There are 2 protein chains.
Amino acid sequence: MKDYINLLKKHNLKITPQRLAILKYLDTHYTHPTVDEIYNTLKKTNPSLSKTTVYNSLEILNTHHIIQPLHITGHERRYDLRKDIHHHFLCRSCGNIQDLDINCPNIKKIQEQGYNIEEVHGYFKGICLDCQKREETHK
Amino acid sequence: MKDYINLLKKHNLKITPQRLAILKYLDTHYTHPTVDEIYNTLKKTNPSLSKTTVYNSLEILNTHHIIQPLHITGHERRYDLRKDIHHHFLCRSCGNIQDLDINCPNIKKIQEQGYNIEEVHGYFKGICLDCQKREETHK
DNA sequence: ATTCAATATTGTAATCATTACATTTTATCA
DNA sequence: TGATAAAATGTAATGATTACAATATTGAAT
């Protein structure tokens, strides 16, 4: 992406170093990070950063549909910069969340039933490819 | 369902009035209730009920795959007795969560890629049919 | 460049759902 | 009916998130 400044301008959001750093972090890390992950990483290069700012920034970016929160693990919110519809895979073993590029043919059906759909969320839980390999190796 | 006693027996779980009440509640209310909803309702007819018991019971029923927790709203867990794969619709207006009987053709694809899938979760967010009608009426 | 008002950041305190834990009670079985 | 393992209960602790007041910064007008 890169042009975080124009992205914020386009949404009439003020340009602040904190917001730019958070956007960049989400754009360059595909881990669907938690608030703590973002906070702890950015704190190193931006020591004055407050965790509240991370919460506030993520909230306003979400309000403007620049990012989306994920409620997958059930005990902590995670964030995703991608806004096109896609799905996720949560590995029970390593805890990582991967993107899955599949499209959902059910959306149309549901819309045809009259539902007004604004968001689509889908995820699978199981053992990812890497962890399966690792388990094979350790046998 | 009805035969909650045998369901618990089948899983070698002790039969307690609390567990039976919770099972019955989930079986007869399709609201995907929160812990508080369950607790507050059952408290009326079972005044000694403790919220911890509700948590514990839901936890053990989940462990035995009799129920499943839903992480849809993002700020509170909800529970669902149905164990066959289905999806949900969260209404932004009334907050209700409805069941959607659709099947996901992507499961096979993901499995063919080698993923070991243990759970499938999908939900849509938008405005439900009832709330759309209501909004029409109030115009 | 300077000023100013609106907005963002910060730190602390409060909240809410959930979990930990010790004690009492109950279910099950010999 | 008693013994024992497990469950229920109540309170305290935890952890993520939110509320709020004070300070700092952004962006626009001058």
Side-chain angles (χ1 to χ4, degrees), chain A residues 4-23 25 32-40 42-64 66-79 95 97, chain B residues 4-25 32-64 66-79 95 97:
Chain A
Y4 311 116
I5 291 182
N6 273 320
L7 179 62
L8 292 175
K9 274 188 184 165
K10 205 165 56 183
H11 288 269
N12 288 314
L13 295 174
K14 287 196 177 173
I15 321 288
T16 69
Q18 293 85 347
R19 289 175 180 177
L20 292 174
I22 291 169
L23 271 179
Y25 188 83
H32 311 89
T34 62
V35 168
D36 271 8
E37 278 172 57
I38 298 170
Y39 171 71
N40 289 322
L42 298 184
K43 184 84 177 170
K44 292 173 193 165
T45 51
N46 186 354
S48 76
L49 182 67
S50 162
K51 198 181 281 188
T52 300
T53 298
V54 179
Y55 274 103
N56 289 342
S57 301
L58 292 169
E59 170 60 23
I60 201 162
L61 292 173
N62 175 31
T63 300
H64 286 77
I66 296 169
I67 63 172
Q68 69 175 338
L70 304 177
H71 315 138
I72 293 185
T73 63
H75 58 277
E76 59 194 349
R77 221 170 282 159
R78 288 166 173 273
Y79 288 90
I97 295 177
Chain B
Y4 311 116
I5 292 182
N6 274 321
L7 179 62
L8 292 175
K9 274 188 184 166
K10 206 165 54 183
H11 288 270
N12 288 312
L13 295 174
K14 286 197 178 172
I15 322 290
T16 70
Q18 293 86 348
R19 287 174 181 178
L20 292 174
I22 291 169
L23 271 178
K24 185 180 177 185
Y25 187 84
H32 310 90
T34 62
V35 168
D36 271 8
E37 279 172 59
I38 298 170
Y39 172 71
N40 288 323
T41 306
L42 298 183
K43 184 85 178 171
K44 293 174 192 164
T45 51
N46 186 351
S48 77
L49 182 66
S50 161
K51 197 180 281 187
T52 301
T53 298
V54 179
Y55 273 104
N56 289 342
S57 301
L58 292 170
E59 170 59 23
I60 201 162
L61 292 173
N62 175 32
T63 301
H64 286 77
I66 296 169
I67 63 173
Q68 69 174 338
L70 304 178
H71 315 138
I72 294 185
T73 63
H75 58 277
E76 61 195 348
R77 220 171 282 160
R78 289 168 172 271
Y79 288 90
I97 295 177

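In this text the structure is predicted, and so the values were computed from the model without any measurement.
Minimum atom distance to the side chain of A:Thr16 is reached by C:dT9, of the listed C:dT28, C:dA17, C:dT9. You'll find that the side chain of A:Ser57 is closest to C:dT9, out of C:dT9, C:dT28, C:dA6.
For the pair A:Glu59 CD and C:dT9 C1', the interatomic distance rounds to 16 Å; values are reported in whole Å. Rounded to an integer number of Å, the gap from CD1 of A:Ile60 to P of C:dA6 is 17 Å. Rounded to an integer number of Å, the gap from CG of A:Leu13 to P of C:dA6 is 18 Å. Taking atom CG of B:Leu58 as the reference point, atom P of C:dA17 lies 15 Å away to the nearest angstrom. Taking atom NE2 of residue A:His75 and atom P of nucleotide C:dA20, one finds them 12 Å apart after rounding to whole Å.
Looking only at side-chain heavy atoms (C-beta outward), A:Leu61 and A:Leu8 come within less than 4.5 Å of each other. At least one side-chain heavy atom of A:Gln18 sits under 4.5 Å from a side-chain heavy atom of A:Asn46. Counting heavy atoms from C-beta on, the side chains of A:Arg78 and A:His71 never come closer than 4.5 Å. Here the side chains of A:Val35 and A:Tyr79 are in contact, with some heavy-atom distance below 4.5 Å.
In terms of position on DNA chain D, the residue among A:Arg78 and B:Gln18 whose nearest nucleotide sits closer to the 5' end is B:Gln18. Nucleotides of DNA chain C nearest to B:Ile15 and B:Asp36 differ in position, and the one nearer the 5' end is that of B:Asp36.
When atom types are taken as modelled, the side chain of A:Lys43 and the backbone of A:Leu49 share a donor-acceptor pair closer than 3.5 angstrom. A donor-acceptor contact shorter than 3.5 Å links the side chain of A:His32 to the backbone of A:Ile97.
Using a 4.0 Å heavy-atom cutoff across all strands shown, A:Pro69 reaches no nucleic acid atom at all.
Helix-axis bend for the helix from C:dA1-D:dT30 to C:dA30-D:dT1: the local axis fitted to the five terminal pairs at one end deviates from that at the other end by 30°, rounded to 10°.
First and last contacts of DNA chain D with chain A, using any nucleotide atom under 4.0 Å from a protein heavy atom and ordered 5' to 3', fall at D:dA16 to D:dG27.
The heavy-atom pair separating B:Leu20 from B:Tyr4 by the smallest distance is CD2-CB, 3.6 Å.
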Return a table of donor-acceptor pairs under 3.5 angstrom between the side chains of residues 50-58 of chain A and protein atoms on other chains or two or more places apart.
{"from": "A:Ser50", "atom 1": "OG", "to": "A:Thr52", "atom 2": "N", "distance (Å)": "3.1"}
{"from": "A:Lys51", "atom 1": "NZ", "to": "A:Asp36", "atom 2": "OD1", "distance (Å)": "2.7"}
{"from": "A:Asn56", "atom 1": "ND2", "to": "A:Thr52", "atom 2": "O", "distance (Å)": "3.4"}
{"from": "A:Ser57", "atom 1": "OG", "to": "A:Thr53", "atom 2": "O", "distance (Å)": "2.7"}

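For B:His64, the side-chain contact (heavy atoms from CB on, under 4.5 Å) partners two or more places apart in sequence, or in a different chain, are B:His11, B:Leu13, B:Ile60, B:Ile66.
Residue-environment remark: NZ (B:Lys9) stays at or below the threshold of 12 foreign heavy atoms within 6.0 Å.
Within residues 46-56 of chain A, the residues approached by DNA chain C to less than 4.0 Å at the level of any non-hydrogen atom are A:Ser48, A:Leu49, A:Ser50, A:Thr52, A:Thr53, A:Asn56, in residue-number order.
Each salt bridge (charged side-chain N to carboxylate O under 4.0 Å, His left out) pair with one or both residues in residues 14-25 of chain B, not counting sequence neighbours, would appear here, but there are none.
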